[in-house]
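A short write-up of the structure that comes next.
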Amino acid sequence: MTAFLIVLALVALLVVVTLIKSVRVVQQQTVGIVERFGKFKVGLQPGLNLLTPFVDKVRYTIDMREQVVAFPPQGVITEDNLMVSIDSVIYFQVNDPVRATYEISNYIQAIEQLTMTTLRNIIGGMDLEQTLTSREEINEKLRYVLDEATGKWGIRVNRVELRSIDPPPSIQDSMEKQMRADRDKRAAILTAEGMRQSAVLSAEGQKQSAILTAQGDRESRILRAQAEREARILKAQGEAQAITTVFNAIHAGKPDQGLLAYQYLQMLPSIAQGDSNKLWIIPSEIGKAMEGLGSAVGQIAGITQKAEGPFPEPDLGDAHAVEVESGMGTAATPDAAVAEADNAVQEAIAAAQNAAVSSRSQQATPPAVTSAPVQDNPPQAEPPLER
């Protein structure tokens, strides 16, 4: 009984182990490589798969997703014999799991070594400047070589990227100095161009300012000259009108010799009002001189005895009209004016005779001549002129 139970347990255990060996679950995007007695049998697809127990065996499990592998920096010599350090990243995907399993033992290591040798071949034909500025070209060449080499392994290289290209520290320092010098040069050029443009703009501004100032000065001078000319013209016209008005008024009034004599007598006090005139001698023949004064002045000054020609009276406007209406302008006629002038002349002659008498009485006492300044040309008595 005991032996039967032991056999039954062994049989049950064998059945369980057989079931486990015959059932295999494969994950999505994964392919299982099944070998039967060491030979490839089939590739297991994702899901539940049944195997022959103790005969079939899952040798490898291949991930069919795109994989990313980063390789450590590798030293590469450029065409100008400079050592640069380059690290790269490879994006690849397994297309044929059977070939990826049996055509290459370790495809990741193979891709790494192939990438290193291809980089050395590509970078060896470029100098440092081209290496630093031709990343796209290097990536494309490297991807083409890797894709062609890994195609027989069932692998497709999708993309290759160079993460960094590091030249030696001394070269980096030299490059920084060169870049700094280039930037300083461009800054100096930009500064010089700015100063040049500023100087040009300043010169243009000064030129325009000088031109505008000159134009303004010229226009102001022209305007001042025109204003001065018009002012002189107006002044001359005013003086001409004033002279014409006075001339017409004098001749319209018809003055005679008596009026001129009266005007001369009115000027005598003004003649005697000088500071240097300490002695004024009136001749005794002043009466006779007054009689012919008008004719003498007229002959000397070129004044005619009688004015001829029409001389219109000056227009006095409203004041003359008011004066006429009030009776002031109608009181005097030309004959009355002449009579009044004669009376004024006689009064002036009488005053002059009285002054002569008083001067004779003063001549009785000799004056202090020494204290008075001597006149160079003492007034001489004019000869009496016949009226």
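All residue numbers refer to positions in the sequence shown, counting from 1. Reckoned from all heavy atoms, side chains included, excluding hydrogens, waters and symmetry mates.
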*asked:* Quick one, Leu146 and Arg143 - any side-chain contact, counting heavy atoms below 4.5 Å?
replied: no
*Identify whether Val69 and Val160 are in the same connected component of the hydrophobic contact network (ILVMFWY, side-chain heavy atoms under 4.5 Å).*
yes
*Taking all non-hydrogen atoms of both residues into account, name the closest pair between Thr245 and Gln241 and its distance.*
OG1-O, 2.6 Å
*What distance do Arg159 atom CZ and Asp147 atom CG have between them, rounded to the nearest 0.5 Å?*
14.5 Å
*asked:* Other residues, nucleotides and ligands only: do more than 12 of their heavy atoms fall within 6.0 Å of CZ on Arg186?
replied: yes
*Could you check Tyr102 against Ile33 for side-chain contact (heavy atoms from CB on, under 4.5 Å), going step by step and ending with a plain yes or no?*
CA-CA 10 Å; Tyr102 296 104; Ile33 303 300; 3.3 Å; yes
*Start with the C-alpha gap between Val94 and Tyr107, add the side-chain angles, then the distance that decides, and say whether side-chain contact (heavy atoms from CB on, under 4.5 Å) holds.*
CA-CA 10 Å; Val94 177; Tyr107 56 84; 4.2 Å; yes
Side chains of residues 108-122: which donor-acceptor pairs under 3.5 Å do they make with residues two or more places apart or in other chains?
| residue | atom | partner | partner atom | Å |
| --- | --- | --- | --- | --- |
| Thr115 | OG1 | Ile111 | O | 2.7 |
| Thr117 | OG1 | Gln113 | O | 3.2 |
| Thr117 | OG1 | Leu114 | O | 3.0 |
| Thr118 | OG1 | Leu114 | O | 2.6 |

*Any link between Phe71 and Val68 through a network of hydrophobic side chains (Ile, Leu, Val, Met, Phe, Trp, Tyr) touching at under 4.5 Å?*
no
*Could you name each residue pair satisfying salt bridge (charged side-chain N to carboxylate O under 4.0 Å, His left out) that touches residues 80-94, not counting sequence neighbours?*
Asp87-Arg163
_What I'd like to find out is whether the side chain of Leu128 reaches to under 4.5 Å of the side chain of Pro167, using heavy atoms alone._
yes
*asked:* Please check this pair: side chain of Asp173 against backbone of Pro169, looking for a donor-acceptor N/O pair closer than 3.5 Å.
replied: no
All N/O donor-acceptor pairs, side-chain side in residues 189-215, below 3.5 Å, sequence neighbours left out:
| residue | atom | partner | partner atom | Å |
| --- | --- | --- | --- | --- |
| Thr191 | OG1 | Ala187 | O | 2.7 |
| Ser202 | OG | Ser198 | O | 2.8 |
| Thr213 | OG1 | Ser209 | O | 2.7 |

*Are Met83 and Leu132 connected, step by step, through hydrophobic side chains (Ile, Leu, Val, Met, Phe, Trp, Tyr) whose heavy atoms are closer than 4.5 Å?*
no
*Could you name each residue pair satisfying salt bridge (charged side-chain N to carboxylate O under 4.0 Å, His left out) that touches residues 126-139, not counting sequence neighbours?*
Glu137-Lys141
_Quick check on Phe40: does its CZ atom have over 12 non-hydrogen neighbours (other residues, nucleotides or ligands) under 6.0 Å away?_
yes
*Is atom CD of Gln226 surrounded by more than 12 heavy atoms (other residues, nucleotides or ligands) closer than 6.0 Å?*
yes
*asked:* Taking Pro46's backbone N and O only, do any of them form a donor-acceptor pair with Gln28's side chain (distance below 3.5 Å, no angle check)?
replied: no
*List the steps, then state whether side-chain contact (heavy atoms from CB on, under 4.5 Å) holds for Thr101 with Arg59.*
CA-CA 9 Å; Thr101 304; Arg59 181 73 176 178; 5.6 Å; no
_Between CZ on residue Arg229 and CG on residue Leu234, distance to nearest 0.5 Å_ = 11.0 Å
*Apply side chain to side chain contact (heavy atoms under 4.5 Å, CB included) to Asp184 and list each qualifying residue two or more places apart in sequence or on a separate chain.*
Arg180
_Enumerate the salt bridge (charged side-chain N to carboxylate O under 4.0 Å, His left out) contacts for residues 244-253, please, sequence neighbours excluded, ordered by first and then second residue._
none
_To the closest 0.5 Å, what do you measure between NZ (Lys177) and CG (Asp182)?_
16.0 Å
*Do Glu161 and Asn139 have side-chain heavy atoms sitting under 4.5 Å apart?*
yes
_Using a 3.5 Å distance criterion without hydrogens, assess whether the side chain of Gln93 forms a donor-acceptor pair with backbone atoms of Met64._
yes
*Consider only side-chain heavy atoms of I, L, V, M, F, W and Y, link residues closer than 4.5 Å, and tell whether Leu51 and Tyr60 are in one cluster.*
no
*State the CD-NZ distance between Glu228 and Lys235, to the nearest 0.5 angstrom.*
10.5 Å
_For the CD1 atom of Ile104 and the CZ atom of Arg99, what is their distance to the nearest 0.5 Å?_
12.0 Å
_Chi angles and distances behind the side-chain contact (heavy atoms from CB on, under 4.5 Å) call for Met126, Ile138_ = CA-CA 10 Å; Met126 297 181 178; Ile138 296 173; 4.1 Å; yes
*Answer with yes or no whether the hydrophobic clustering places Tyr91 together with Leu142; edges join I, L, V, M, F, W, Y residues whose side-chain heavy atoms lie under 4.5 Å apart.*
no
*Pick from Val31, Leu44, Thr61, Val58: which one makes a side chain to side chain contact (heavy atoms under 4.5 Å, CB included) with Val26?*
Leu44
